[in-house]
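As structure tokens, the structure follows; a few thoughts come after it.
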There are 2 protein chains.
Amino acid sequence: MLSTMQDVPLLISRILTHGAKIHGTSQVSTWTGEGEPQRRSFAEIGDRAAQLAHALRDDLGVTGDDRVATLMWNNAEHVEAYFAIPSMGAVLHTLNLRLPAEQLAWIVDHAADKVVMVNGSLLPLLAPLLPRLRTVEHVVVTGPGDRSLLDGAHARVHEYEELLTGKPVTYDWPELDERSAAAMCYTSGTTGDPKGVVYSHRSIYLHSMQVNMTESMGLTDEDTSLVVVPQFHVNAWGLPHATFMTGVNMLMPDRFLQPAPLAEMIESERPTHAAAVPTIWQGLLTELTAKPRDVSTLTQVTIGGAACPPSLMAAFDELGMRVCHAWGMTETSPLGTVARPPAHAIGTDQEFAYRITQGRFPAGVEGRLMGRDGELLPWDGESAGELEVRGMWIAGAYYNGPDAEPLRPADKFSEDGWLKTGDVGTISPDGFLTLTDRAKDVIKSGGEWISSVELENALMAHPDVMEAAVVAVPDEKWGERPLATVVLKEGSTADFASLRAFLADEGGIARWQLPERWTIVEAVPKTSVGKFDKKVLRRQYAEGELDITRL
Amino acid sequence: MLSTMQDVPLLISRILTHGAKIHGTSQVSTWTGEGEPQRRSFAEIGDRAAQLAHALRDDLGVTGDDRVATLMWNNAEHVEAYFAIPSMGAVLHTLNLRLPAEQLAWIVDHAADKVVMVNGSLLPLLAPLLPRLRTVEHVVVTGPGDRSLLDGAHARVHEYEELLTGKPVTYDWPELDERSAAAMCYTSGTTGDPKGVVYSHRSIYLHSMQVNMTESMGLTDEDTSLVVVPQFHVNAWGLPHATFMTGVNMLMPDRFLQPAPLAEMIESERPTHAAAVPTIWQGLLTELTAKPRDVSTLTQVTIGGAACPPSLMAAFDELGMRVCHAWGMTETSPLGTVARPPAHAIGTDQEFAYRITQGRFPAGVEGRLMGRDGELLPWDGESAGELEVRGMWIAGAYYNGPDAEPLRPADKFSEDGWLKTGDVGTISPDGFLTLTDRAKDVIKSGGEWISSVELENALMAHPDVMEAAVVAVPDEKWGERPLATVVLKEGSTADFASLRAFLADEGGIARWQLPERWTIVEAVPKTSVGKFDKKVLRRQYAEGELDITRL
């Protein structure tokens, strides 16, 4: 029996035209570092996205599913690229500007990017790379920056604003197949080559609806969202698309991601929501403690990308900023779980315990836990296994291998098509996920597992500890044992014995799990997206670069 | 270029299994008229929906896209049917129990329903009809009621609870095509045969996400929704599906839709949200005025199905119930627009003016206004035309004509596939729709249009007027003129001249639009879904059944 409903595809152009028309007065404000931010209404962005599409097609010859890369901060021009490129049928490829040059070049080459759009401020990064980017025919530069750095480049260089000038402000967006490629993002893979996830119009559209659901971020046109999470980091968690769907204003920090300008823009622009990884937020907290600002409008903060230490969440609670924990990854678009406490826990002692979990799955995402022998584990809040997920905005493969076929490595995808997340954790009977570790970071001590994340959270609750990372190191007797790497706050005189005692007495860590190897570092090494880079710590330990104290 | 995302279909079974697992403790409470309501958790409903599917398949032989009809009030068993039937691949056909027997028989026959599920309390309605329902092979009865009424029926009669007993509480829900038929609902067409709309799994899934978006109803598991709008009325506005997606509790009134039990259940069950057509709400207001109850938890009320008179909205505001106006129809699933005021209007004098519009389109729905000569009209807040809509949960046809092909009547669908809503109105530059009339109810007086709805709203703002309906009647000089049909409040002594003066002085109605024909009636005739039935009024006038005063 046939349904009689209209067959209207889920397309990014639909989000764009809706936002520009129905929420035309909503704004994208981009911080410029001096005076008033650049303001652009959704209606203007709609016009300019159409102009950009004309320029890409007519002046640069972008056709079919050509890849157009962006090497850009969060700003209005990047939002225009977000909409114009997929809406015209091409594929947006966001480049992570924090990756080593070697990896960036590999990725551009692998994706066969034809055009690179770049912020002028990032030309010093692109210029030395460009000679190695053999597929790139055009570079489009936007905003201030020294163009002469590109002199002699093989690619044609264009000025963004000149390209747009005089182009029509409407575009007859094609009626694409909703399953066609819209955008791609490479994971900053810790092992092997980077891997590309290719989002479809459908997956992005559905993900945007989910972000706008009250159980997720649930913002409206009364809100302004400070989008700290980079647009090159998993679609800025879907915010540019989700905001255009419902008229949420965006505040874009451009390159001003240091704690002081962030505090300044919160005080002057008065956002109601922010989205960022914990490390950025930790820095902001230090800044606000040193120099208080009026941040009272900012009542909702979505934190993801890495687990938010409970101590950090509690500190933000005290500032009146309610942190909402979320979990996801490049392969999950990224919304995988959101930690809104269940109704019965609100206002009780249990509430905080729910908030520091990774949260619940939305209807679009199914999760399951797999044991070490591939068995399905129960949701009992105790059985720990690797999380696998399935859903409408979850990757089922990576972008092409050498044979131009999608890659489905067995360590990343199950035989029945679920994504193996590489995260280890438990799920409670009422569906709340608690991640205890990355599968590769679990410490296997004498046949038992020790959670590095649990030790880190307990350490970071100590008043003298700024950051702490715990990694497994080889041990003759136990196989592996934890090494505690600590960043102390300025002026602290805490010693390892007292930290160890704190773990046992205040942190509730079992005796046999307490680290005996300790070291002080100036900063925990971070990956390009701000996560602790434990691979580096393990290597430093192996090569004897760390000054270890044994208790 | 291929997307690498998993291809997971949008299915109702996914909503069911999600709700039963992740929101297993959320509840459906059904009012029984005596004592404690019947309570059933989402987990239990998940189990019972699986049992029902087994029974339908194994005991009743339901296969493929067989139609299973429901002649039921809002209750937990109807929710079980809502999920079990589409999830197993069959088609849920909700029957409007307020339709004349003749129409009901026609509809069951047209849909070729194989099974009818019926509440025992509705057997007096079904029994006399049953002999004429030649496609119906099985009747499943749930709840109290006199079974002997079915004695001698050609169909096999089953007890719902007996069917479920002993059946497995899990079911291997099939991986269906998301575009396949899930549910059907016939419009109570005012002209010609009733027309069936066939919703797909995809359209219902997307609609449910939209209902859960903060810009729409946006409820969470902290809420309890009093679902007054019948489940046979456009999927109860999507609430049974939407609530299972996010864990919103449902309070179901069953057959207790009179003002007194509604007030009682609000006081004792403390819902936070309700959804109903204006006429029901008008009755509740009278009840609460006569006998105040503690209804303080009920702060959000979604009103649709017909325009809510501004006076009613204002009266509910005073009670602390914030009315949110929405517009839709059977063909739109039904969410077409929602009147949440834009951010800039909140807290200002403009806010109420925005709230009494029909609202804005969500991203999934596009709207346009067509002039009398088929020209596209501007969104200027002044140009009035017929609203046409397009979108992911909008009908593009009706269920089969005589040749078993979908019906696309030219007065209902444009050549490019948009739905002609039959509603006339304007759209403001910022996208707010104001409906002024049904196209067929517009009064064409001397080449100008008079809005019957505007006159009705102005009349209903008079303190002595309970209800008012205005219809066009033939006029020798002007072609058509308005006839005002008024229901006065008890004890009122208002006369027509004073009402007419009120329209001009307080209602701001232009002199030439003031009705000269007036009549008092005891009640405005209503359609089966509670809308003013103007067809009846026009007929009564034509046949001289109304006592007309001419001013």
Side-chain angles (χ1 to χ4, degrees), chain A residues 1-8 10 14-15 18-19 21-22 24-25 65 67 91 179-182 196-200 202-203 206 209-210 212-215 218-222 245-247 340 342-344 346 360-361 363 366 390-399 406 417 419 430-431, chain B residues 1-8 10 14-15 18-19 21-22 24-25 65 91 179-182 196-200 202-203 206 209-210 212-215 218-222 245-247 340 342-344 346 360-361 363-364 366 390-399 406 417 419 430-431:
Chain A
M1 180 173 189
L2 289 174
S3 145
T4 63
M5 305 313 278
Q6 296 179 14
D7 197 2
V8 176
L10 307 171
R14 178 73 207 117
I15 302 177
H18 173 78
K21 193 166 186 182
I22 301 287
T25 57
D65 61 3
R67 264 73 72 202
V91 181
R179 287 182 165 78
S180 61
V197 175
V198 185
Y199 308 105
S200 64
R202 172 183 168 96
S203 72
L206 291 167
M209 292 190 82
Q210 181 64 49
N212 281 312
M213 280 169 62
T214 310
E215 65 171 7
L219 307 174
T220 71
D221 64 355
E222 291 178 67
M245 207 173 242
T246 52
R340 295 223 182 255
H344 69 80
I346 291 172
R360 282 195 279 207
F361 304 100
E366 287 172 274
R390 172 178 185 263
M392 297 147 195
W393 49 84
I394 309 291
Y398 292 111
Y399 183 57
L419 172 72
D430 55 352
Chain B
M1 181 172 187
L2 290 173
S3 143
T4 64
M5 305 314 278
Q6 296 179 15
D7 196 3
V8 176
L10 307 171
R14 179 73 206 118
I15 302 177
H18 173 78
K21 194 166 185 182
I22 301 289
T25 58
D65 60 5
V91 181
R179 286 181 166 80
S180 62
V197 175
V198 185
Y199 308 104
S200 64
R202 173 185 169 95
S203 71
L206 291 168
M209 290 190 83
Q210 181 63 48
N212 281 313
M213 279 169 62
T214 310
E215 65 172 6
L219 306 173
T220 70
D221 63 355
E222 290 179 68
M245 208 174 241
T246 52
R340 295 223 182 255
H344 69 80
I346 291 172
R360 283 194 279 207
F361 304 100
E366 285 172 274
R390 172 178 186 264
M392 297 147 196
W393 50 83
I394 309 290
Y398 292 112
Y399 184 55
L419 172 73
D430 56 351

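In this text the structure is predicted, and so the values were computed from the model without any measurement. For the numbers below, each heavy atom of this structure counts, side chains included, while hydrogens, waters and symmetry mates do not.
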Using non-hydrogen atoms only, which part of Asp221(A) is less than 4.5 Å away from chain B: side chain, backbone, both, or neither? both
Which one, Gly417(A), Gly391(A), Ser200(A), Gly247(A), leads in non-hydrogen pairs under 4.5 Å with chain B? Gly391(A)
Greatest number of heavy atom pairs closer than 4.5 Å to chain B - which of Leu10(A), Thr25(A), Ile346(A): Leu10(A)
Taking Thr4(A) for the side chain and Val198(B) for the main chain, is one N or O donor matched with an acceptor at less than 3.5 Å? yes
Spatial distance of atom CE (Met209(B)) from atom CD (Gln210(A)) [nearest 0.5 Å]: 4.5 Å
Under 4.5 Å heavy-atom distance to chain B, tell me which part of Tyr398(A) shows up: side chain, backbone, both or neither. backbone
Can you tell me which of Leu419(B), Val8(B), Thr246(B), Thr220(B) forms the most heavy-atom pairs within a distance under 4.5 Å of chain A? Val8(B)
Max heavy-atom pair count under 4.5 Å with chain B, selected residue of Thr214(A), Asn212(A), Asp430(A): Thr214(A)
Counting heavy-atom pairs under 4.5 angstrom with chain B, the leader among Pro342(A), Ser180(A), Gly24(A) is Pro342(A)
I'd like to know which of Gly431(B), Gly218(B), Gly364(B) tops the heavy-atom pair count under 4.5 Å against chain A. Gly218(B)
Answer yes when Lys21(A) and Glu366(B) have at least one side-chain N-carboxylate O distance shorter than 4.0 Å, and no when they do not. no
Bottom line for Leu219(A): the part with an atom under 4.5 Å from chain B's heavy atoms is backbone
Winner by heavy-atom pair count (cut-off under 4.5 Å) against chain B, out of Leu2(A), Ile15(A), Leu206(A), Ile22(A): Ile22(A)
Which one, Met245(B), Glu215(B), Arg390(B), Glu222(B), leads in non-hydrogen pairs under 4.5 Å with chain A? Arg390(B)
Below 4.5 Å, heavy-atom pairs only: which of Ala343(B), Ala182(B), Gly196(B) has the largest tally toward chain A? Ala343(B)
According to side chain to side chain contact (heavy atoms under 4.5 Å, CB included), who are the partners of Asp65(A), at least two apart in sequence or on a separate chain? Arg67(A), Val91(A), Met1(B)
Bottom line for Arg179(A): the part with an atom under 4.5 Å from chain B's heavy atoms is both
Say whether, by atom type as modelled, one donor and one acceptor occur between the side chain of Arg14(B) and the main chain of Ala363(A) under 3.5 angstrom. yes
Check for a donor-acceptor pair, side chain of Gln6(A) on one end and backbone N or O of Ala395(B) on the other, with a separation under 3.5 Å. yes
Enter the distance from Met5(B):CE to Trp393(A):CH2 here, rounded to the nearest 0.5 Å. 10.0 Å
